[in-house]
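Report on one structure; see the data block that follows.
In what follows, every heavy atom counts, from backbone to side chain, and hydrogens, waters and symmetry copies are set aside.
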Amino acid sequence: MNNIISIEKLSYRYNNDFIFHKLDMNIKQGEWITVVGPNASGKTTLIKILSGLIITDSNILIDNLFLTKENLFKVRKNIGVVFEKPDNGFISETVKEEISLVMKNLLYDDKHIEDRIKEIAKIFNIEKILNCSPNYLSAGEKQKIA
């Protein structure tokens, strides 16, 4: 299988201390991984680097695209982050608006967004809550929306 994410010699410092020093990592397509560790061990920093919120000089390849400022938009089409506590990520007034945010940021047209929301709602069995506020959903429903 192909690597979907490849990191070569990632080095990153925070306050003069290395969080990562020459880290190599490969994640193959279809693999599921878990990143665990104590507080301040670099888990969030790694996610920020992979999503392009922190730019480094390291060679990072995501879905055959090098993670650079020039490719950031293309890379972000293929990577996403779900927070441990979904409440921390909700910014819209309705579930439907929350789901549409990513597609709007990727400049999809309204028809495509509407069709995709219907498809997603059916897959996750959330048709009845599309017009509800995420703040009033159960924990399970919030996880689905996230």
Side-chain angles (χ1 to χ4, degrees), residues 1-108 112-113 116-130 132-146:
M1 278 195 178
N2 294 336
N3 290 332
I4 197 76
I5 297 176
S6 292
I7 299 172
E8 292 181 7
K9 298 181 180 25
L10 172 63
S11 293
Y12 185 78
R13 291 178 188 248
Y14 184 75
N15 292 337
N16 294 325
D17 293 322
F18 276 108
I19 294 177
F20 304 110
H21 186 64
K22 298 183 180 178
L23 171 73
D24 290 332
M25 182 170 72
N26 291 299
I27 301 171
K28 295 190 183 317
Q29 187 171 353
E31 264 185 331
W32 286 78
I33 67 155
T34 303
V35 179
V36 295
N39 288 345
S41 63
K43 299 179 303 288
T44 300
T45 301
L46 179 61
I47 297 303
K48 287 180 177 180
I49 290 169
L50 290 176
S51 61
L53 295 173
I54 296 174
I55 300 295
T56 70
D57 292 336
S58 303
N59 286 328
I60 299 173
L61 195 65
I62 298 177
D63 199 19
N64 296 314
L65 290 169
F66 280 102
L67 182 58
T68 63
K69 288 181 183 179
E70 296 77 27
N71 284 338
L72 194 52
F73 185 76
K74 291 177 185 175
V75 169
R76 285 187 177 162
K77 282 185 166 188
N78 298 315
I79 195 164
V81 176
V82 176
F83 296 98
E84 179 180 1
K85 296 179 182 176
D87 288 331
N88 296 346
F90 295 136
I91 60 171
S92 300
E93 292 189 29
T94 69
V95 169
K96 184 177 181 179
E97 290 173 8
E98 191 68 35
I99 294 170
S100 72
L101 274 178
V102 172
M103 293 180 279
K104 286 181 181 179
N105 285 334
L106 295 173
L107 305 175
Y108 288 115
H112 179 82
I113 293 172
R116 191 72 174 122
I117 289 173
K118 288 177 186 174
E119 184 180 343
I120 291 167
K122 186 174 182 178
I123 290 169
F124 287 97
N125 195 27
I126 57 170
E127 297 101 325
K128 294 179 180 175
I129 62 170
L130 285 176
C132 296
S133 169
N135 299 321
Y136 298 109
L137 302 177
S138 71
E141 289 169 330
K142 288 178 181 180
Q143 288 176 333
K144 283 183 181 181
I145 303 312

To the nearest 0.5 Å, how far apart are [atom1] in [X] and [atom2] in [Y]?
X     : Y      : atom1 : atom2 : answer
Thr68 : Asp57  : OG1   : CG    : 12.0 Å
Lys96 : Glu127 : NZ    : CD    : 12.5 Å
Lys74 : Asp63  : NZ    : CG    : 12.0 Å
Ile62 : Asn64  : CD1   : CG    : 11.0 Å

Heavy-atom closest pair, residues [X] and [Y]:
X      : Y      : answer
Asn135 : Lys142 : O-NZ, 3.8 Å
Lys9   : Ser58  : O-OG, 3.4 Å
Ser11  : Phe18  : CB-CE2, 4.0 Å
Ile7   : Leu23  : CG2-O, 3.6 Å
Ile19  : Ser41  : CG2-O, 4.1 Å
Phe66  : Asn71  : O-ND2, 3.1 Å

Determine, for Lys122 against Glu119, whether the closest basic-nitrogen to carboxylate-oxygen distance falls under 4.0 angstrom.
->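 Answer for the salt bridge query: no.
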Close side-chain approach of [X] to [Y], heavy-atom, < 4.5 Å:
X      : Y      : result
Glu141 : Val95  : no
Ile27  : Asn3   : no
Ile49  : Tyr12  : yes
Met103 : Ile117 : yes
Ile129 : Ile145 : yes

Mark yes when over 12 heavy atoms from residues, nucleotides or ligands other than Tyr14 sit less than 6.0 Å from its OH; otherwise mark no.
->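 No.
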Taking only residues two or more places apart in sequence or in another chain, which ones pass side-chain contact (heavy atoms from CB on, under 4.5 Å) with Lys104?
->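 Lys104: side-chain contact (heavy atoms from CB on, under 4.5 Å) contacts with Ser100, Ile113.
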